[in-house]
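Notes to accompany the following structure.
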Amino acid sequence: MTTGNWDKEVDVLVVGSGAGGMLSALVAAKNHADVLIVEKAELWGGTSATSGAGIWIPGSDVAKAAGFEDNLDDAFTYLRHLSADNVPDANIRSYVTNAGPMLRWLMGNTDVQYLAFPYPDYHAENPGGSPTGFRTHMPMPIDGKKLGNDVRSLRYASPAASLFGYLNWHFDETYSILYRSKGWQMLLAKSLARYWLDLPFRFTSGKDRRLTLGNALTGGLRMALNRQNVPLWLESPLEELIREDGRVVGALIRHDGKILKIKAKKGVILAAGGFDKNQQMRDENAPLYQTALYSGGVTSNTGDSIRAGQALGAKTLNMQSAWAAPVFYVPGEDRGRLSTIERALPGCIMVNQSGKRFLNEAASYHVVGQIMAKQEKEYGNASPSWMVFDHRYRHNYPMGPLYPLMPDWMHNGAVRSILKKGRTIEELAQKMGVDPKALGDTVRSFNQHAENGEDPEFQRGQAAYDKMYGDPRQAPNPCLRPLDQGPFYAIPIYPGDIGTNGGLLTDDKARVLGNDGQPIGGLYAVGNNAASAMGESYPGAGVTIGPAMTFGYIAARDMLGVND
């Protein structure tokens, strides 16, 4: 389109307000650039705000201080082995090299503070993997009162990452309450009291101003941006990128009912997520992950920025790929709820519609999601599958939208509508629509081996990652015990995802590449806007947001010529 007659001019335009976009904006602002962030939705924070906000950072100062001496060559070897062959070595190496400096910069320039966590790599047994963890980092809580009114428009945590659907809690607190460690009642009481006594804010917003996980990360970034006076426009979608002489020089942004021409003198950074909620794009590109409704991504992730790049001749990569995951779906909700810890805890199994186990339930959610999607494509019997568990499990642990501290009748009607219950396994099977004999045989076979802490069919509980979410009180295998205490329960679980991860092809500096393989001047992409350096793999907790932030850091510095 023609240029000139600009409605607004800035140095850097960032499209999207997730962690990658906000960090890139902050890096640019700290380097004296005039920056504008535009967000399509009425809430800011993107999928990052709803996430656990773990970041996978090899060789960090934080990990070293915790006593973990990492080796970046090992980290590269680990990622290279798992990633798709079509992902360039340079992109993986760039991530590994810059992740640590990015985290150092983040913690030195914002209120966001991270701790290295003893979280094993998802495939720790592979060359370069870490079975002891400390590459995954988790954010510390932040006081949201520092955000002022901006906290009201922060995208709230996913129900899968909050207690009772409204209470923010930290990773360590999850374990304390889950395993009933000493003092857990007081911890829960204090958390509830802090939320309910935050008046009148609670009545006017319903939110918890103690920010944890994804809310802590995005909230802390927004605080730092506010100190730099960086504006963030809500309900301001990207309409079109503007190119002049082969270089992107700005964009058309719909804002306050008008289409504005925004000039970006240094360039544009696309950070607006994938195409999780665009059913047409999913049908065209990712037939293995079929249903947009089951994606855990936010509803505004419809691939607008990816299509805008394609319109300029940008090349894409691995558009069939997604961050696969098993998800629970509660009728009426706009996205699936990621299943993480439930599947590894003792006293449950997952079966297909034939009443048979078909995987290691305790494997990483990406692996489980991939297997479920492939099972559904080949046999048509895994969407939904069923999580089956007994009374002892129901009493002690959460299962998706079910809370152990709440009896069945206290859950809302939508949750109760998907819960099946039977006095016996055979009665439960009838309510599930599954062959009673098949499910009965499956449970009896599982129980026989689980009594001894063994799973000869799928080796559940043997890998370091499996044990991460098991119950350490259960011996000899923290992931296994028989289902032997009725009544018995089942809840459907679906092959889904937490976002697509194929997108615009970028180089090691996050520059978008054209179909000729050359960078399109002035255009960068990070996060799920770009094809992931992980390919179709999921090496460890935090390989979604970790690269998004790292390449956001790289993009802003490259755009502004910062080399120190």
Side-chain angles (χ1 to χ4, degrees), residues 9-16 19-37 55-64 70-73 75-76 79 87-110 112 114 137 221 224-225 227-230 245-250 263-271 504-514 517-527 529-533 545-564:
E9 295 189 17
V10 295
D11 294 318
V12 178
L13 175 65
V14 177
V15 181
M22 286 202 289
L23 180 64
S24 64
L26 183 62
V27 171
K30 280 282 192 174
N31 283 281
H32 314 296
D34 182 16
V35 184
L36 170 65
I37 305 172
I55 53 177
W56 196 87
I57 307 293
S60 78
D61 298 341
V62 180
K64 187 174 183 179
D70 205 355
N71 183 299
L72 295 187
D73 287 335
F76 174 82
L79 295 183
V87 174
D89 282 3
N91 289 24
I92 299 174
R93 181 66 72 180
S94 182
Y95 169 44
V96 168
T97 301
N98 288 283
M102 179 280 295
L103 181 58
R104 184 185 308 128
W105 190 95
L106 172 75
M107 293 176 60
N109 288 275
T110 74
V112 180
Y114 269 89
H137 298 61
L221 285 168
L225 287 164
R227 288 193 288 268
Q228 295 296 313
N229 297 313
V230 175
D245 298 327
R247 178 182 177 82
V248 172
V249 296
K263 184 174 184 178
K265 291 178 281 188
K266 297 292 184 179
V268 176
I269 299 176
L270 302 177
L504 301 177
L505 177 60
T506 56
D507 65 8
D508 59 342
K509 295 184 173 71
R511 299 178 298 184
V512 175
L513 302 182
Q518 298 301 308
I520 298 174
L523 186 62
Y524 296 73
V526 304
N529 259 178
S532 172
I545 296 178
M549 295 172 65
T550 300
F551 282 108
Y553 171 80
I554 293 169
R557 289 165 58 85
D558 185 73
M559 181 180 288
L560 298 174
V562 178
N563 297 312
D564 55 10

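As the structure is a computational prediction, the values presented were derived from the model and not from experiment.
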Got T506 and L513 here, is their nearest side-chain heavy-atom distance under 4.5 Å?
no
Listed once per pair and sorted, the salt bridge (Lys or Arg N to Asp or Glu O under 4.0 Å) pairs that draw on residues 91-109, sequence neighbours left out:
D61-R104, D73-R93
What pair of heavy atoms forms the shortest contact from A28 to V12, and how long is it?
CB-CG2, 4.2 Å
Closest non-hydrogen atom pair, V35 against A29:
CG2-N, 3.8 Å
Counterpart residues, salt bridge (charged side-chain N to carboxylate O under 4.0 Å, His left out), relative to R247 (two or more places apart):
none
Counterpart residues, side chain to side chain contact (heavy atoms under 4.5 Å, CB included), relative to A264 (two or more places apart):
L13, V268
H137 and Y114 aromatic ring geometry - parallel, tilted or perpendicular at 30°/60° bounds
perpendicular
Heavy-atom pair with the smallest gap, counting every atom of N529 and A271
OD1-N, 3.2 Å
Determine whether K64 and D70 make a side-chain contact, defined as any pair of heavy atoms from C-beta on separated by less than 4.5 Å.
no
Value rounded to 0.5 Å, distance of CG in D89 from OG in S94:
12.0 Å
Does any part of the side chain of N71, heavy atoms only, come nearer than 4.5 Å to the side chain of F76, both counted from C-beta?
no
Considering all heavy atoms of both residues, which atom of A25 and which atom of V14 are nearest to each other, and what is their separation?
CB-CG2, 3.9 Å
Taking the side chain as C-beta and beyond, is there a heavy-atom pair between L221 and L106 under 4.5 Å?
yes
Compare every heavy atom of S60 with every heavy atom of L103, then report the nearest pair and how far apart it is.
CD2-CB, 4.0 Å
Any donor-acceptor pair under 3.5 Å linking the side chain of S24 with the backbone of G21?
yes
Contacts of D507 that satisfy side chain to side chain donor-acceptor pair (under 3.5 Å) - sequence neighbours left out
R511
Side-chain donor/acceptor pairs under 3.5 Å, residues 547-560, sequence neighbours excluded:
| residue | atom | partner | partner atom | Å |
| --- | --- | --- | --- | --- |
| T550 | OG1 | G546 | O | 2.8 |
| R557 | NH1 | D564 | O | 3.3 |
| R557 | NH2 | D564 | O | 2.3 |
| D558 | OD2 | Y524 | OH | 2.7 |

Decide yes or no on side chain to side chain contact (heavy atoms under 4.5 Å, CB included) for L26 and T110, but give the supporting numbers first.
CA-CA 9 Å; L26 183 62; T110 74; 3.4 Å; yes
Closest non-hydrogen atom pair, A525 against L504
CB-CD1, 4.2 Å
For D11, check side chain to side chain contact (heavy atoms under 4.5 Å, CB included) against everything at least two apart and list the hits.
A33, D34, K265, K266
Is any side-chain heavy atom of L79 less than 4.5 Å from a side-chain heavy atom of Y95?
yes
